[in-house]
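To find a chain, count down the sequence lines: A is the first, B the second, and so on, and within it residues start at 1.
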There are 2 protein chains.
Amino acid sequence: MSQHSGSEVAEKTGPKTERGRRTLRKLLDAAGEEFGARGYHETAISSITQRAGVGLGTFYVYFKSKEEVFRALVADMGARTRHALSESVKDAPNRLEAERLGIRAYLEFVRTHKSLYRVVMEAQFVAPESYAEYYRVFAEAYRQGLAQAAKRGEISEGNDDVRVWALMGASTFLGLRYGVWDDDADVGAVSQAASDLMINGLAPRPKKNGDASS
Amino acid sequence: MSQHSGSEVAEKTGPKTERGRRTLRKLLDAAGEEFGARGYHETAISSITQRAGVGLGTFYVYFKSKEEVFRALVADMGARTRHALSESVKDAPNRLEAERLGIRAYLEFVRTHKSLYRVVMEAQFVAPESYAEYYRVFAEAYRQGLAQAAKRGEISEGNDDVRVWALMGASTFLGLRYGVWDDDADVGAVSQAASDLMINGLAPRPKKNGDASS
DNA sequence: TTGAAACATGAGTCAACATTCAGGTTCCGA
DNA sequence: TCGGAACCTGAATGTTGACTCATGTTTCAA
């Protein structure tokens with residue numbers, strides 16, 4: 001949906017008329033809902049077209065195959081997530097604060113996009129390439145953010161590749177646990193606790209004075 | 001496999017003869033390999049029985065359905081993983097050190113059990129109950145470990161539920177990235193960097209001497 | 001030795017889709 | 001008002017693969 005890439009939609013450049021664009025949108029939305037609710041393999045194309053309110057054959061006017069919609073959905077979710085995150089972080093005073101805001105925004109985003117979130121996770125098995133790409137792009141931006149922050153002294157030095165994957169993993173699991181499974185939990189409290197861990201780690205805090213290390 | 005639970009195998013108590021136990025083992029091993037390599041939906045029962053070297057019908061002597069083997073596999077992986085981890089951690093002098101050892105052992109375990117690892121991840125979509133149970137059991141033990149360590153002052157206080165899920169997520173993603181996708185990476189370096197993040201967080205370290213910030 | 005419990009087998013059944021296709025319908029510029 | 005481009009449709013096709021079952025074979029206790 002939205003205004004992103006249009007290369008995974010059929011062969012050509014996309015719908016030529018307004019009517020076509022509306023139909024495409026309806027199909028993508030319906031597919032997102034169905035895949036998100038029932039999972040890829042349990043979802044029949046006919047259930048997508050039914051939900052979209054179009055004929056079965058229409059699906060193949062817009063997509064070459066079942067897998068293609070799925071891939072389009074994953075790509076779309078990637079673009080949306082990156083957008084939401086960069087928005088939420090754009091006026092953070094420093095990297096540590098950006099982490100706090102980012103984790104919170106991420107949890108909220110997952111909650112409001114459960115279906116597409118499940119689609120992304122399932123992509124690991126349905127469309128591994130799309131899944132890898134999703135996290136590759138993400139990791140790349142994240143890594144640069146960390147590297148620059150480290151240079152500025154806002155965070156410690158470290159193996160950024162490893163850190164990025166650990167942080168993405170933490171967010172992903174929290175998204176699953178508190179965004180998808182248990183959406184009653186207090187996002188504020190969770191993101192606070194999470195960013196505290198990411199920022200300060202498990203080590204006991206040196207009390208305001210005295211004792212630094214062994 | 002191994003000597004764990006036997007309640008997910010068919011209706012009855014399990015094979016009565018040695019011959020039967022061997023066949024069951026062969027089927028479980030074959031199923032693990034096939035599911036791990038091709039994924040649940042791409043794997044045909046016939047390919048499992050072929051790999052196991054038994055007839056197709058034999059499969060249904062031991063399992064009620066395709067999903068049942070899958071669930072048995074997830075449960076088995078859970079038991080094995082917990083065992084491997086508790087072994088690796090059993091004589092850690094303190095919790096922080098236990099984290100270090102744990103993350104390292106986990107990465108190594110994933111590498112040597114790639115197939116079953118993929119099975120566990122795919123369970124999220126194939127057998128959600130099994131997946132939730134896998135992490136629930138894990139989280140419970142982990143949480144207690146953290147709570148006790150906090151009481152002893154070995155780690156800081158915090159929301160242990162959140163921390164546990166964040167830490168499990170970090171390990172899981174690192175397992176995927178460095179255990180499954182890129183098994184050339186140096187496990188030692190990765191687990192070192194990871195545990196450093198988990199223990200100390202991203203916050204800049206107060207340098208022993210000079211310069212702290214801008 | 002024997003019979004029955006345990007185990008093994010693979011051809012055949014059957015339902016579930018993904019995808020195709022031949023034939024419409026709608027839209028719009030000339 | 002016409003022609004063709006864009007779009008729509010759903011019955012029919014073909015494949016795939018989980019699961020059944022009727023019929024063996026092996027094991028072993030009595």
Side-chain angles (χ1 to χ4, degrees), chain A residues 6 8-31 33-35 37-73 119 122 125-127, chain B residues 6 8-31 33-35 37-73 119 122 125-127:
Chain A
E8 51 281 282
V9 179
E11 304 242 41
K12 21 220 106 223
T13 332
K16 296 285 185 292
T17 72
E18 181 53 29
R19 184 193 178 203
R21 276 186 290 275
R22 261 203 310 277
T23 302
L24 173 57
R25 168 72 61 98
K26 282 193 291 182
L27 281 170
L28 279 168
D29 286 348
E33 299 281 317
E34 291 290 318
F35 283 146
R38 262 164 280 294
Y40 182 81
H41 295 280
E42 301 306 306
T43 297
I45 302 290
S46 65
S47 74
I48 293 174
T49 55
Q50 240 170 287
R51 182 187 278 254
V54 302
L56 170 56
T58 305
F59 178 89
Y60 291 92
V61 171
Y62 293 90
F63 302 100
K64 276 204 293 290
S65 68
K66 187 179 180 184
E67 250 192 68
E68 201 188 63
V69 227
F70 193 84
R71 278 190 243 109
L73 251 20
V119 167
E122 192 168 12
F125 305 97
V126 173
Chain B
E8 50 280 283
V9 179
E11 305 241 41
K12 19 222 107 222
T13 333
K16 297 284 184 295
T17 72
E18 181 51 32
R19 184 193 176 202
R21 278 186 289 276
R22 261 203 310 276
T23 302
L24 173 57
R25 168 71 60 95
K26 281 193 291 181
L27 280 170
L28 280 168
D29 287 347
E33 300 281 316
E34 290 291 318
F35 285 146
R38 262 164 282 294
Y40 182 81
H41 295 281
E42 301 306 305
T43 297
I45 302 290
S46 64
S47 74
I48 293 175
T49 53
Q50 240 171 287
R51 182 188 279 253
V54 303
L56 171 56
T58 304
F59 177 90
Y60 292 92
V61 171
Y62 294 90
F63 301 100
K64 276 204 293 292
S65 68
K66 188 180 179 183
E67 252 192 67
E68 202 188 64
V69 226
F70 194 83
R71 280 190 240 107
L73 251 18
V119 167
E122 192 168 13
F125 305 97
V126 173

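With a heavy-atom cut-off of 4.0 Å to chain B, the contacted part of DNA chain D has its first and last nucleotide at D/dA18 to D/dT26.
Sorted pairs that involve residues 53-62 of chain B and meet salt bridge (charged side-chain N to carboxylate O under 4.0 Å, His left out), not counting sequence neighbours, are lacking altogether.
Scored by the ring pair (Phe, Tyr, Trp, His ring centres under 6.0 Å) test, A/F59 finds A/F63 as partners (sequence neighbours excluded). Partners of B/E67 according to the salt bridge (Lys or Arg N to Asp or Glu O under 4.0 Å) rule, which considers only residues two or more places apart in sequence or in another chain, are B/R71. Contacts of A/A37 classified as side-chain contact (heavy atoms from CB on, under 4.5 Å), with partners at least two apart in sequence or in another chain: none.
Atom CZ in B/R25 sits about 18 Å away from atom C1' in C/dC7, given to the nearest Å.
For the contact set between residues 48-58 of chain A and DNA chain C, defined by any heavy atom under 4.0 Å, the members are A/L56.
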Dump every N/O contact between nucleotides 1-3 of chain C and the protein below 3.5 Å, one line per pair.
none

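At least one side-chain nitrogen or oxygen of B/Y62 sits closer than 4.0 Å to the OP1 or OP2 atom of C/dA8. Between C/dA18 and A/S65, no contact under 4.0 Å exists linking OP1 or OP2 to a side-chain N or O. Taking only side-chain nitrogens and oxygens, B/T17 comes nearer than 4.0 Å to OP1 or OP2 of C/dC7.
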Can you give me every donor-acceptor pair (side chain of residues 50-57 of chain A, partner residue at least two apart or in another chain, under 3.5 Å) with its distance?
unit_1	atom_1	unit_2	atom_2	d
A/R51	NE	A/E34	OE2	2.7
A/R51	NH1	A/E33	OE1	3.4
A/R51	NH2	A/E34	OE2	3.2

